[in-house]
Amino acid sequence: MATIVYAMLTSLDGYIAGPGGDIDLPIPEEELHQHFNDEMRRTAIALCGRRMYEAMRFWDSPEREIAAEEVERDFARAWRETPKIVFSTTLREVGPNARLEKGDVEAVARSLKAETEGEISVTGAELAGHLARAGLIDEYRLYVHPVVLGGGKPYFQSGLSPALKPLGTERFTQGVTLLRYAPAGSDN
């Protein structure tokens with residue numbers, strides 16, 4: 001059975017995107033970027049909301065193969081190799097190695113969790129909110145960047161306040177601290 005992990009970069013005040021909806025957090029430098037590359041490689045399936053998927057499609061472009069930095073080329077390869085399921089009622093099609101789902105988010109996630117080994121990643125606050133309310137998220141990973149956005153899209157959706165227990169912390173360059181939590185009632 002897979003573990004479903006919701007992991008996102010977040011500001012010190014808890015936002016994954018700024019007031020205008022843009023990801024206003026600093027771009028990860030090499031060490032942090034490599035960590036995310038490794039995380040992507042460990043991901044059996046990536047579950048994406050529409051907006052996050054559209055932002056990440058950047059990594060599908062052929063130009064990523066000739067990016068200046070090896071760490072970026074490496075992430076592009078890892079992204080393209082990872083199967084993705086995109087939940088959207090408005091998209092008509094998705095790119096390579098991705099499947100579009102317009103149906104029941106919870107049912108799809110439950111089925112994938114039962115059929116998959118390893119980690120299933122979740123990106124996007126709204127998608128994570130649906131899965132959290134259904135009790136399907138096994139681990140929360142907040143990569144806290146020491147910047148304050150002052151508003152925007154929060155890591156935790158409004159009205160969502162899961163009881164959590166700490167699993168550990170890790171420090172990275174750029175002052176980023178990873179905070180890992182599991183739902184308080186879980187066996188993690």
Side-chain angles (χ1 to χ4, degrees), residues 1-10 15-18 20-25 27-28 32-67 69-143 152-157 160:
M1 180 181 284
T3 300
I4 297 181
V5 177
Y6 173 37
M8 298 283 295
L9 268 171
T10 180
Y15 296 98
I16 60 173
D22 294 324
I23 300 175
D24 295 329
L25 297 164
I27 295 171
L32 183 57
H33 209 305
Q34 187 59 55
H35 172 78
F36 291 134
N37 295 8
D38 297 341
E39 290 291 305
M40 182 57 68
R41 277 212 170 70
R42 277 193 290 277
T43 300
I45 299 172
L47 306 181
C48 307
R50 178 192 55 85
R51 280 185 286 264
M52 187 56 69
Y53 177 72
E54 288 177 328
M56 294 298 288
R57 285 293 310 269
F58 167 83
W59 297 103
D60 279 333
S61 71
E63 296 82 45
R64 300 314 331 141
E65 283 302 313
I66 56 171
E69 303 294 325
E70 171 56 30
V71 73
E72 291 180 11
R73 292 189 303 270
D74 183 50
F75 185 83
R77 285 188 297 272
W79 164 260
R80 286 193 299 268
E81 291 167 2
T82 302
K84 291 161 281 297
I85 297 179
V86 182
F87 293 92
S88 173
T89 57
T90 57
L91 287 177
R92 299 257 188 260
E93 61 184 51
V94 291
N97 208 13
R99 181 177 98 206
L100 183 60
E101 277 290 339
K102 295 180 182 276
D104 184 347
V105 171
E106 291 175 35
V108 171
R110 282 184 201 288
S111 176
L112 288 170
K113 188 172 182 171
E115 299 166 359
T116 306
E117 291 295 322
E119 285 188 3
I120 296 174
S121 71
V122 177
T123 55
E126 291 174 30
L127 177 57
H130 287 294
L131 298 178
R133 280 188 282 285
L136 291 170
I137 296 195
D138 299 298
E139 185 175 333
Y140 296 86
R141 294 181 188 158
L142 292 84
Y143 290 87
K153 182 174 284 269
Y155 178 92
F156 289 104
Q157 275 196 319
L160 183 63

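We count residues from 1, following the sequence as given.
- At least one side-chain heavy atom of M52 sits under 4.5 Å from a side-chain heavy atom of M8.
- What you find for Y6 and G124 is that their closest heavy atoms are CE1-O, 4.0 Å.
- Between atom CD1 of residue I85 and atom CD1 of residue I120 there is a gap of 7.5 Å, rounded to the nearest 0.5 Å.
- In this structure, the side chain of S61 engages the main chain of F58 through a donor-acceptor pair within 3.5 Å.
- Residues L25 and Y15 share a closest heavy-atom pair of CD1-O, 4.2 Å.
- Residues F36 and F75 come closest through the heavy atom pair O-CE1, 3.9 Å.
- At a threshold of 4.5 Å between non-hydrogen side-chain atoms, the residues R99 and V94 do not count as touching.
- With D38 as the partner, the side-chain hydrogen bond (donor to acceptor under 3.5 Å, both in side chains) test is satisfied by one option alone out of Q34, R41, R42: Q34.
- With rounding to the nearest 0.5 angstrom, the OG1 atom of T43 is 10.0 Å from the NZ atom of K84.
- Ring to ring, F87 and H130 are not that close: their centroids are 6.0 angstrom or more apart.
- Heavy atoms only, all atoms of each residue included: V86 and R50 are closest at CG1-CA, 4.5 Å.
- Between T116 and A44, the shortest heavy-atom contact is CG2-CB, 3.7 Å.
- The aromatic rings of Y140 and F156 sit tilted relative to each other, their planes meeting at an angle between 30° and 60°.
- Between W59 and M40 the shortest side-chain heavy-atom distance does not fall below 4.5 Å.
- Considering only heavy atoms from C-beta on, E39 comes within 4.5 Å of R141 through its side chain.
- Taken to the nearest 0.5 Å, the CE atom of M56 stands 9.5 Å off from the OG1 atom of T82.
- The CD atom of E139 lies 8.0 Å from the OG1 atom of T3; values are rounded to the nearest 0.5 Å.
- With rounding to the nearest 0.5 angstrom, the OG atom of S88 is 6.0 Å from the CG atom of L100.
- In this structure, the side chains of L9 and P28 come closer than 4.5 Å at one or more pairs of heavy atoms.
- The side-chain heavy atoms of E126 and K153, taken from C-beta on, include a pair separated by under 4.5 Å.
- Taken to the nearest 0.5 Å, the CD1 atom of I137 stands 7.5 Å off from the CG atom of L127.
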Item to check | E69/H33 under side chain to side chain contact (heavy atoms under 4.5 Å, CB included): CA gap, chis, key distance, verdict | outcome: CA-CA 11 Å; E69 303 294 325; H33 209 305; over 6 Å; no

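- In this structure, the side chains of L136 and V122 stay at 4.5 Å or more apart for every pair of heavy atoms.
- G95 and R57 get closest at one heavy-atom pair: N-NH1, 3.4 Å.
- Classification of R77 and E70 as a salt-bridged pair holds, one side-chain N sitting under 4.0 Å from a carboxylate O.
- Using a 4.5 Å heavy-atom cutoff, the side chains of L112 and L47 are in contact.
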